[in-house]
Structure formats: C-alpha cells, structure tokens
Amino acid sequence: PDSLINIAIDGPAGAGKSTVARLAASKLHMIYIDTGAMYRAVTWKVLSTGLAAHQIEEIAQLAETTEIALEPSEDGQKVFVDGVEVTEQIREPYISQKVSHIAKIPSVRNRLTSLQKQMAIHKGVIMDGRDIGTHVLPDAELKIYLTASVEARAKRRYEELKAKSHEVPYEQIVKEIAERDHTDETREVSPLRQAEDAVVLDTTGLPIEAVVHRIIALAESRMTSAQG
Ligand code: CDP
Ligand code: CDP
C-alpha cells in the first residue's frame, strides 16, 4: 500500500484549498476532508433554527447535539446535517457571511476539531481548513499554507458565482473576503495562521494544475521519507 501520511492545507478564502486538495487526493488515492464544510453545516443548522450568532450558549448546545456527516462523492464530498443533505445549501452567500462568526465560538471549535482528529486517525487524509496544521493535525507529515492576493481570490469567487448565474458585485466580494480573513485571523481560539513548518505556496496567477503538481511532488517525497 501507499505509505500513509496526512496532509494539512490551510489558508484564506479563495486560495484554492478545496479545488487543489480534491484533485491531489484523487491522484494520491487519499481521502479529502473539507473542514470548512463542517463549520458551514453548523452555521446552516444555527440559522435554520432561528438562532443569531451572539446566542453563544444556545449555539454551543446545538453544536453538541447536531450530527454532522461527510461522505466522499464524485466531485468532492456530500454534507449531511442530522441525516439531511445540505451540500448545496451550505455554499449560499448568507452562510458565507455568517460562518466565521459561528466558527469563532470555542465550543463549536472543540466539537468539530475532535471530530476532525478522529477522521484522520488512520492517516491517508488530505484535510483543508484554517487551523489544520496548527491545531487539528499538528503532526501531519506535510503542511501547506496556500495563499493569494485578496484581489485574485475575490476574482475567483466572482467567476465561480457568475458561472452559477449568481452575479454579486466584485467590490462586495472583496469586502466580504477581507472581513472574513480579518475575523479568522484575529479570533482567540486557533486563528488562521501559517504553521511554522508549513510550505507556503502563493497561488496568485498560478494555474490549478501547477499547484496540484507541486503538492503531489511534495507529498511523494514525504511518503518516501515516511517509509524510510
Ligand atoms: O471555501 P471558503 O474558503 O470560502 O471557506 P471554507 O473553507 O468553507 O470555510 C468557511 C469558514 O469556516 C472560514 O472562513 C472559517 O471562519 C471557518 N473555518 C474554520 O474556522 N476552521 C477551519 N478549519 C475551516 C473553516
Ligand atoms: O477552498 P478555497 O476557498 O481556498 O478555494 P477554492 O474554492 O478551491 O477555489 C476558489 C476558486 O478559485 C475555484 O473556482 C477555483 O477553480 C479557482 N482557482 C483558481 O482559479 N486558481 C487556482 N490556482 C486555485 C483555484
């Protein structure tokens, strides 16, 4: 069998984490886990229950009793909340606008972090998020910090939404991404930060295939040394 390693990919919104992690996972025969989807799933549950982000106690309780499940699929993964599929719904802009405020609640992070650690226990996992290399999988054999300029990241989101006939003004996307970066970088519990031992890849102007290629090369060299 392939030598088993875990790969942690962190970085801000639109850096290309989920796209390249999914492609690399399929080439390396590893399991892809999108932890952002788990925070989005909790946010979906909170908002559909009618709670607001400041109702911390109620949200903590809700997070504790909500069942979040991920299931690998053709184009990534399906997401279920209490058995109901929410894969599409959790990508809606109203979720993107609130998710970082739910994700900063310590009890929500504790719950999801422990689920994520469980998912990686047998190795062979590529996990993307904000705190994977720093908190969730501090022993991952390979850590990547993907980044790109805020303009490049906003342009990608703009194109993505436009392709789904959901046109949002570019300026608004820049503003929302910058706000979310700020909330993620300044929260008290496990903020978005580059792990000391992470390989930094700036993807501004870099095609997806080039990034994937680089990650695969790094992964293969770590697999060899893990075998060693
Ligand atoms: O795909 P996009 O970059 O827009 O975001 P995401 O990966 O789906 O993550 C959505 C939000 O969840 C982030 O902005 C963070 O607030 C939070 N998150 C987190 O706090 N920790 C993680 N490991 C993953 C996501
Ligand atoms: O997961 P994250 O928020 O970091 O980014 P993503 O959802 O993987 O990527 C956002 C968009 O940027 C997608 O539509 C990708 O196809 C695109 N992308 C790109 O144009 N060039 C890259 N090097 C990486 C992603």
Side-chain angles (χ1 to χ4, degrees), residues 8-25 32-44 46 53 63 68 70 75-77 79 86-87 89-93 95-106 108-117 119-120 126-137 144-164 166 173 176-193 195 201-215:
I9 303 187
D10 292 299
K17 301 179 299 296
S18 45
T19 307
V20 303
R22 178 162 33 84
L23 292 168
Y32 167 53
I33 297 170
D34 173 359
T35 65
M38 299 170 77
Y39 288 94
R40 287 173 179 273
V42 170
T43 303
W44 179 86
V46 165
I68 310 277
L70 303 179
D75 43 359
Q77 61 177 21
V79 183
V86 294
T87 313
Q89 290 92 313
I90 62 169
R91 303 290 156 195
E92 293 280 335
I95 300 286
S96 303
Q97 281 159 18
K98 285 283 182 291
V99 61
S100 60
H101 296 285
I102 303 299
K104 70 183 178 190
I105 300 172
V108 170
R109 299 206 73 77
N110 281 339
R111 171 90 207 290
L112 295 188
T113 303
S114 68
L115 285 175
Q116 291 153 10
K117 284 178 191 277
M119 292 172 167
I126 300 190
M127 197 176 271
D128 86 330
R130 300 292 187 287
D131 60 340
I132 310 305
T134 51
H135 287 90
V136 180
L137 305 178
I144 308 274
Y145 191 84
L146 270 195
T147 185
S149 70
V150 70
E151 293 78 14
R153 295 187 283 119
K155 176 125 194 305
R156 291 172 185 172
R157 274 286 183 271
Y158 174 81
E159 299 294 344
E160 210 174 48
L161 289 166
K162 197 166 134 187
K164 287 196 265 180
H166 196 118
I173 298 180
E176 285 179 6
I177 284 194
E179 278 172 9
R180 189 139 63 92
D181 287 353
H182 180 77
T183 312
D184 289 345
E185 286 162 0
T186 57
R187 69 172 172 238
E188 257 167 63
V189 186
S190 54
L192 168 63
R193 207 180 300 131
L201 296 179
D202 187 334
T203 71
T204 310
L206 213 59
I208 293 167
E209 306 74 59
V211 183
V212 174
H213 193 261
R214 186 79 214 289
I215 292 175

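In listed order, ligands and their atoms are each counted from 1.
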Going by the 4.0 angstrom heavy-atom rule, the piece of Arg40 near ligand 1 is side chain
Hey, is Asp128 close enough to Arg22 for a salt bridge, meaning N to O under 4.0 Å? no
Per-atom filter on ligand 1: closer than 4.0 angstrom to a heavy atom of Ser100 are 16 (O)
Identify the protein atoms, limited to N or O, that lie within less than 3.5 Å of an N or O atom of ligand 2, and list each pair with its distance to 0.1 Å.
{"residue": "ligand 2", "atom": "1 (O)", "partner": "Ser18", "partner atom": "N", "Å": "2.9"}
{"residue": "ligand 2", "atom": "1 (O)", "partner": "Ser18", "partner atom": "OG", "Å": "2.7"}
{"residue": "ligand 2", "atom": "3 (O)", "partner": "Gly14", "partner atom": "N", "Å": "2.8"}
{"residue": "ligand 2", "atom": "3 (O)", "partner": "Arg157", "partner atom": "NH2", "Å": "2.9"}
{"residue": "ligand 2", "atom": "4 (O)", "partner": "Ala15", "partner atom": "N", "Å": "3.2"}
{"residue": "ligand 2", "atom": "4 (O)", "partner": "Gly16", "partner atom": "N", "Å": "2.9"}
{"residue": "ligand 2", "atom": "4 (O)", "partner": "Lys17", "partner atom": "N", "Å": "2.8"}
{"residue": "ligand 2", "atom": "4 (O)", "partner": "Lys17", "partner atom": "NZ", "Å": "2.7"}
{"residue": "ligand 2", "atom": "5 (O)", "partner": "Gly16", "partner atom": "N", "Å": "3.1"}
{"residue": "ligand 2", "atom": "7 (O)", "partner": "Ser18", "partner atom": "OG", "Å": "3.2"}
{"residue": "ligand 2", "atom": "7 (O)", "partner": "Arg157", "partner atom": "NH1", "Å": "3.4"}
{"residue": "ligand 2", "atom": "8 (O)", "partner": "Gly16", "partner atom": "O", "Å": "3.4"}
{"residue": "ligand 2", "atom": "8 (O)", "partner": "Ser18", "partner atom": "N", "Å": "3.3"}
{"residue": "ligand 2", "atom": "8 (O)", "partner": "Ser18", "partner atom": "OG", "Å": "3.1"}
{"residue": "ligand 2", "atom": "8 (O)", "partner": "Thr19", "partner atom": "N", "Å": "2.8"}
{"residue": "ligand 2", "atom": "8 (O)", "partner": "Thr19", "partner atom": "OG1", "Å": "2.5"}
{"residue": "ligand 2", "atom": "14 (O)", "partner": "Glu160", "partner atom": "OE2", "Å": "2.8"}
{"residue": "ligand 2", "atom": "23 (N)", "partner": "Leu206", "partner atom": "O", "Å": "2.8"}

Test side chain to side chain contact (heavy atoms under 4.5 Å, CB included), reference Leu201, set Ile215, Leu206, Ile9, output is Ile215
Ligand 1 to Ala103, heavy atom cutoff 4.0 Å, flagged ligand atoms 16 (O), 17 (C), 20 (O)
* Asked: Could you walk me through whether Lys104 and Asp184 pass the salt bridge (Lys or Arg N to Asp or Glu O under 4.0 Å) check?
  -> CA-CA 8 Å; Lys104 70 183 178 190; Asp184 289 345; over 6 Å; no
- [ ] Before giving the answer on side-chain contact (heavy atoms from CB on, under 4.5 Å), spell out for Ile68 and Val42 the whole-Å C-alpha distance, their side-chain angles and the decisive distance to 0.1 Å.
- [x] CA-CA 8 Å; Ile68 310 277; Val42 170; 3.8 Å; yes
dist Glu159:CD -> Ile173:CD1 (nearest 0.5 Å) comes out at 9.0 Å
(message) Side chains of Arg40 and Thr87: any donor to acceptor distance under 3.5 Å?
(response) no
Practice prompt. For the pair Thr203 (side chain) and Thr147 (backbone), establish whether a donor and an acceptor sit closer than 3.5 Å, ignoring hydrogens and angles.
Written response: yes
Paired with Trp44, the side chain to side chain contact (heavy atoms under 4.5 Å, CB included) test is passed by just one of Val79, Val99, Ile95, Ile102, namely Ile95
Could you verify whether a donor N or O on one side chain and an acceptor N or O on the other, from Ser190 and Arg109, lie under 3.5 Å apart?
yes
Is Asp10 salt-bridged to Arg193, cutoff N-O under 4.0 Å? no
The atoms of ligand 1 lying under 4.0 Å from a heavy atom of Asp131, numbered in the order shown, are 21 (N), 22 (C), 23 (N)
#### Entry: Heavy-atom gap Arg109 to ligand 1 smaller than 4.0 Å
yes
| At a 4.0 Å cut-off, with the gap strictly under it, does some heavy atom of Arg187 reach an atom of ligand 1? | yes
| Close N or O approach (Tyr39, ligand 1; < 3.5 Å) | no
Asp184 heavy atoms within 4.0 Å reach ligand 1 at atoms 13 (C), 14 (O), 15 (C), 16 (O)
